[in-house]
Amino acid sequence: MFNHIATKYRSYISVLLLAACCIACNSGNGSERYKAKTDSAAAAPAHPYDSTLAKGKVIDSVFCKTQPTNSYALYLPTGYTHKRPHPCIYFFDAHARGSLPLKTYKELADKYGFVLVGSNVSKNGIPWPVTNDMVKVLFDDTRDKINIDPKRMYTSGFSGGSRVASSIAIFNGGITGVIGCAAGFPGIDRTIQNQFAYIGLVGEYDFNLMEMEHLDGVLEQNGFQHQLIVSEGVHGWAPANEFQTALLWLQADAIKKQLIPKTDTALLLALRADLEKRAKAARGNNDLIREHQFLAGILKLLDGMIDIAAFKKQYTALDTSAAYKKEFASLARQERIETNLQHELAQQYTSQDEKWWINKVSELEGLAANAKSPREAGMNKRLINYLGLVSYLNITHALKTGDLANAEIYLRIFKLADPKNPDVPYLSAIFYAKKGLPQKALEALHESLELGYNDLNQLINEPAFANLAASPEFIKIIEKTRSN
């Protein structure tokens, strides 16, 4: 199940518009920068990598030599040695929580030999040129200190951070694969010149699910190696078991591209078994769309490397069946309905009173509980989550503009839509602080912590809490946030 980690809504960025995307085989100017460094590194003498960095331990902050304000969390797998190159995944969290994904996936790093790097500075709201400059410094610093395989550099991100991870691959090149969690590509108005493998991980009840499904179709049309994994859950970093599938998938892709030797078939068999299990589960739920996705993934990635004859027969039978074609057409209709309903919710938000929204949330919950199909139930649950997103955006705007009367109403609607989201009491704390009610603000912050709030930088830098900074209770809240 996808983790309900801290803030679900701060990470939202506009939905992907990529219908006109096409692929060229040549690399752009950005990729030449990385290629040049790769070629020179191959001919250079042994490099004095940093041997003081601890292995098997998440290091919260490593500071870049040329830009001390730029830092990253680091995890070197227990089997790391500076004598040989290692694959590396660069993580970009929507809120600059560099160590968060590393702590979640470090056991997988040990199992598969990946170096993990998490940016402590990249976050939502920073213009791409600024982010890109920080990324270039990050890449230079890590490759100077750590023996990273230049042919196996990967990026991953959550929500807005997922768009950063994709942007690096799209605009700079030099990235072999991307693991996108809970969001797809940035808006693109040019031809994509750098091709890379892409695996998307998203929750069934994530308001970005339709975007991720659309992206999966666009990638198929444009010749990408791709896979979409949809699991039960909402907007968040993928849990370790889902991320393990992504790592198996990237390993198989590296074997197919002859970036690593096919010394044995254990990884390939493990991936085949994983996708087969997912296809069987989808079939058991009568979800022909998901079954088709997983069978297609087996064929596209594993064909020619291990025996998949039985899966070819299954895929062909499903792909040509009337039932699948009917389900595919039904999905397209439902997506149009869901998109229209999202627009209606957004348009109605400020024009309806609180009583109306109480009835609306109750209506959507009833529709989800009594739906005729799992897909219809999922749509109504996503609409409730989308209402949470709309609430978050309206609350933050109201608080910034000093519209406390509407902020109070929107907070109650937000709690109706998503009662377990730590952003609800966190934003309530800002509201109470602005109202001059410090004790209520502290109580709301404690409630937020109990729900998992963990954005230390946001907490410390929130202007509304300036008058709380000297309070012993606020200091305890800071320490609890750090431990979260």
Side-chain angles (χ1 to χ4, degrees), residues 1-4 8-9 11-17 19 159 162 180-184 200-218 228-236 238 242 278 281-294 323-349 352 356-393 413-414 416-421:
M1 178 177 247
F2 270 65
N3 295 329
H4 195 296
K8 289 169 29 180
Y9 301 114
S11 46
Y12 185 79
I13 301 179
S14 59
V15 171
L16 165 74
L17 297 173
S159 201
S162 180
C181 294
L201 306 175
V202 65
E204 182 70 41
Y205 311 124
D206 191 327
F207 45 75
N208 279 339
L209 174 63
M210 284 191 298
E211 174 197 344
M212 297 290 280
E213 289 182 327
H214 174 70
L215 173 60
D216 193 59
V218 172
L228 178 64
I229 305 292
V230 181
S231 303
E232 185 181 358
V234 292
H235 198 62
E242 303 296 333
R278 293 176 184 275
R283 190 182 314 130
N285 292 328
N286 199 31
D287 190 340
L288 304 184
I289 301 296
R290 299 280 178 259
E291 182 186 1
H292 189 275
Q293 285 175 337
F294 296 132
Y324 171 72
K325 292 176 181 179
K326 181 180 178 181
E327 185 74 10
F328 189 80
S330 175
L331 174 63
R333 287 193 299 271
Q334 184 183 301
E335 287 183 343
R336 289 192 295 270
I337 292 171
E338 186 170 346
T339 299
N340 291 334
L341 290 172
Q342 283 185 348
H343 290 162
E344 287 179 13
L345 288 175
Q347 291 169 355
Q348 292 166 334
Y349 193 82
Q352 301 293 343
W356 189 92
W357 284 111
I358 291 173
N359 293 332
K360 188 64 177 179
V361 171
S362 178
E363 175 192 342
L364 291 171
E365 289 174 341
L367 290 170
N370 301 302
K372 295 178 181 179
S373 68
R375 193 169 293 278
E376 183 183 333
M379 178 185 74
N380 286 290
K381 290 180 180 180
R382 286 192 296 276
L383 287 171
I384 295 173
N385 283 327
Y386 183 76
L387 176 59
L389 165 66
V390 175
S391 296
Y392 176 85
L393 295 175
I413 299 171
F414 193 6
L416 280 172
D418 200 352
K420 294 183 179 180
N421 191 328

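As the structure is a prediction and not an experimental result, all values here were calculated from the model. Reckoned from all heavy atoms, side chains included, excluding hydrogens, waters and symmetry mates.
- Taking CD1 of Ile384 as the reference point, atom CG of Leu367 lies at 9.0 Å (rounded to 0.5 Å).
- By the side-chain contact (heavy atoms from CB on, under 4.5 Å) test, Ala281 is found to be paired with no residue, residues two or more places apart in sequence or in another chain being considered.
- In this structure, Leu364 CG and Leu416 CG are separated by 11.5 Å, a value rounded to the nearest 0.5 Å.
- Shown here for Ser391 and Tyr349, the closest heavy-atom pair between the two residues is OG-OH, 3.0 Å.
- For the pair Ile229/Phe294, a side-chain contact is recorded, criterion being any heavy-atom separation below 4.5 Å from C-beta on.
- Heavy atoms only, all atoms of each residue included: Ala183 and Asn208 are closest at CB-ND2, 3.9 Å.
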Under 3.5 Å, sequence neighbours excluded: what are the donor-acceptor pairs made by side chains of residues 331-339?
| unit_1 | atom_1 | unit_2 | atom_2 | d |
| --- | --- | --- | --- | --- |
| Gln334 | NE2 | Arg375 | O | 3.2 |
| Glu338 | OE1 | Arg382 | NH2 | 3.0 |
| Glu338 | OE2 | Arg382 | NE | 2.9 |
| Thr339 | OG1 | Glu335 | O | 2.9 |

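- To the nearest 0.5 angstrom, Tyr386 atom OH is 6.0 Å from His343 atom NE2.
- The main-chain N or O of Trp357 is never found under 3.5 Å from a side-chain atom of Gln352 such that the two would form a donor-acceptor pair.
- Separation of atoms OG (Ser330) and CD (Glu376) is listed at 9.5 Å; rounding is to 0.5 Å.
- For Asp216, the side-chain contact (heavy atoms from CB on, under 4.5 Å) partners two or more places apart in sequence, or in a different chain, are His226, Leu228, Gln293.
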Exercise for review: Give the C-alpha distance, both sets of side-chain angles, the deciding distance and a yes or no for side-chain contact (heavy atoms from CB on, under 4.5 Å) between Tyr205 and His235.
Suggested key: CA-CA 8 Å; Tyr205 311 124; His235 198 62; over 6 Å; no
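- A pairwise comparison of heavy atoms in Arg278 and Ser231 identifies NH1-OG, 4.0 Å as the closest pair.
- A pairwise comparison of heavy atoms in Gly236 and Ala182 identifies O-CB, 4.1 Å as the closest pair.
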Point to revise | side-chain contact (heavy atoms from CB on, under 4.5 Å) between Leu387 and Phe414, intermediate numbers included | key: CA-CA 8 Å; Leu387 176 59; Phe414 193 6; over 6 Å; no
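- Remark: Glu363 engages Lys360 in a salt bridge (charged side-chain N to carboxylate O under 4.0 Å, His left out) (not counting sequence neighbours).
- With sequence neighbours left out, Leu288 forms a side-chain contact (heavy atoms from CB on, under 4.5 Å) with Asn286, Glu291, Leu318, Ala323, Tyr324, Glu327.
- Residue Gly388 comes nearest to Ala417 through the heavy atom pair N-CB, 3.8 Å, listed as atom of the first residue, atom of the second, then distance.
- Atom CG of residue Asn385 and atom CG of residue Asn380 lie 11.5 Å apart, to the nearest 0.5 angstrom.
- Within the model, atoms CD1 of Ile289 and NE2 of His292 stand 8.0 Å from one another, a figure rounded to the nearest 0.5 Å.
- For the residue pair Ala371 and Ala377, the shortest heavy atom distance occurs at CB-N, 3.4 Å.
- Checked against side-chain hydrogen bond (donor to acceptor under 3.5 Å, both in side chains), Glu213 has the following partners two or more places apart in sequence or in another chain: Arg290.
- Not one N or O on the side chain of Asp206 forms a donor-acceptor pair closer than 3.5 Å with the backbone of Gly233.
- Contact check for Asn359 versus Trp356: no side-chain heavy atoms found under the 4.5 Å cut-off.
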